[in-house]
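Values below: every heavy atom of this structure, side chains too, minus hydrogens, waters and symmetry copies.
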Amino acid sequence: MPWPTLATSVPLLRACTVPLQQPGIQKSLSKMILLQDNMVQLKRTVHNDSGSKMRDEILETALKYVNSHGWSEASLKHAFSDLGISDASLAMFKHGGVEIALHYDKGMNELLHKKLSDEIDNNRSLSTPEFLKYAIKSRLELQLMYYDHWAEALALIMNPNVAPLASRQFAHLVDDILFFAGDKSTNLNWYTKRAAIAAVYGMTELYMLQDKSSDFSDSWNFLDRRINDLDKIVSNCKGMEENIRNAGDISKAAFVIGRNMLQGTKKCFHCSS
């Protein structure tokens, strides 16, 4: 039996109320209409949840093929084959293979959140700089499984069609790191701290892509220096919060700070010491 829809049943039920003006009947019909609306909404929710789970399963399966086929439609098609799904399902992924990278990035953010949450008591003894180094290093290490293809992922997410989503995921990551670091900023300093951590994370991530040292020791030393530089730069910047807030989003704000860190100056862009 086909599922009734709002288009067919609700108008019919409401039409029936015209000759039936008794309060009792009106009340019963109102309940029927409300129940119908709720049933249709429930079906839509179940359908959406099911579609989301299928997408996640496809993307998770596609990860097995990234090392051989990259963040590509080819990896998606291999996932379709493994799951017995038609290649026509490619229409579900309007951005193509980059959605595998976004899915993986989001998953690693969630893993870091769980890790920091589970370790919250143990990490209380760390100073703020020590914790920031630990959190950023922990998150970057989660990407090592696809190290050889991460430069490709970073290039793909610069596409204007997906950059806003990638930026939001990055912002959530930075929020998590500062939350577990104990940050409770509510003023304009909120923008500065997040942009600063984003800059440190981004520069260290790029440094890693060229790092040939054992166990990425050069990258972790680079991270140590950037955290130390960050403290000096932020402490010597007046009026920086307003500039960061006006940057538009966390990626642009991080660029403002990162540029000044790489220039080795204590003066912030358009700020006085």
Side-chain angles (χ1 to χ4, degrees), residues 1-10 35-115 117 138-176 201-202 205-206 208-209 249-251:
M1 178 178 179
W3 188 281
T5 66
L6 285 174
T8 57
S9 58
V10 173
L35 176 61
Q36 172 68 22
D37 287 351
N38 288 341
M39 290 172 70
V40 171
Q41 185 59 45
L42 175 61
K43 185 188 178 190
R44 287 173 179 166
T45 300
V46 170
H47 174 75
N48 290 338
D49 287 347
S50 176
S52 178
K53 288 179 180 177
M54 177 180 288
R55 279 177 55 84
D56 287 347
E57 185 176 7
I58 292 171
L59 292 169
E60 198 65 31
T61 303
L63 284 171
K64 297 190 301 183
Y65 297 97
V66 168
N67 281 327
S68 54
H69 297 282
W71 314 96
S72 66
E73 290 186 359
S75 292
L76 285 172
K77 289 180 178 179
H78 278 288
F80 298 155
S81 178
D82 286 359
L83 298 172
I85 298 173
S86 167
D87 282 0
S89 298
L90 194 60
M92 296 172 61
F93 305 94
K94 64 179 181 179
H95 300 306
V98 68
E99 296 199 35
I100 309 172
L102 290 170
H103 170 79
Y104 181 70
D105 183 65
K106 181 181 178 183
M108 296 304 99
N109 289 349
E110 292 170 351
L111 280 178
L112 179 70
H113 179 96
K114 185 178 186 309
K115 175 182 176 66
S117 179
S138 296
R139 176 60 181 82
L140 289 171
E141 286 179 331
L142 292 174
Q143 296 173 185
L144 293 181
M145 182 181 297
Y146 298 104
Y147 173 78
D148 290 338
H149 294 273
W150 200 247
E152 176 192 358
L154 292 178
L156 288 171
I157 64 176
M158 292 299 290
N159 184 307
N161 292 324
V162 297
L165 175 56
S167 184
R168 285 196 296 274
Q169 289 186 182
F170 189 35
H172 290 156
L173 167 62
V174 174
D175 279 344
D176 268 356
Y201 184 99
E205 182 175 45
L206 292 175
M208 283 184 69
L209 296 177
D249 63 36
I250 195 169
S251 299

In chain order, what residues pass the ring pair (Phe, Tyr, Trp, His ring centres under 6.0 Å) check against [X], with sequence neighbours excluded?
X: His149; value: none
X: His103; value: none
X: Tyr146; value: Trp71, Tyr104

Task: Heavy-atom closest contact (Gly70 atom, Ser75 atom, distance) - done: O-OG, 2.7 Å

Can you sort out the partners of [X] under side-chain contact (heavy atoms from CB on, under 4.5 Å), two or more places apart, ordered by chain and number?
X: Leu83; answer: Glu57, Ile58, Thr61, Ile85
X: Glu110; answer: Lys106
X: Ala151; answer: Leu209
X: Glu141; answer: Lys137, Leu144, Trp220

[X] versus [Y]: any side-chain heavy-atom pair under 4.5 Å?
X: Tyr201; Y: Leu173; result: yes
X: Glu205; Y: Gln143; result: yes
X: Leu206; Y: Leu154; result: yes
X: Leu76; Y: Ile100; result: yes
X: Val162; Y: Leu102; result: yes
X: Arg139; Y: Leu111; result: no

Task: Pairs satisfying salt bridge (Lys or Arg N to Asp or Glu O under 4.0 Å), at least one member in residues 76-100, at least two apart - done: Arg55-Glu99, Lys64-Asp82

Open item on the list: Give me each pair satisfying salt bridge (Lys or Arg N to Asp or Glu O under 4.0 Å) with a member in residues 147-168, each pair once, sequence neighbours excluded.
Closed with: none

- [ ] Find the distance between OG (Ser117) and NZ (Lys115) and round it off to the nearest 0.5 Å.
- [x] 12.0 Å

Open item on the list: The criterion is side chain to side chain donor-acceptor pair (under 3.5 Å); which residues satisfy it with Gln169, sequence neighbours excluded?
Closed with: Asp105

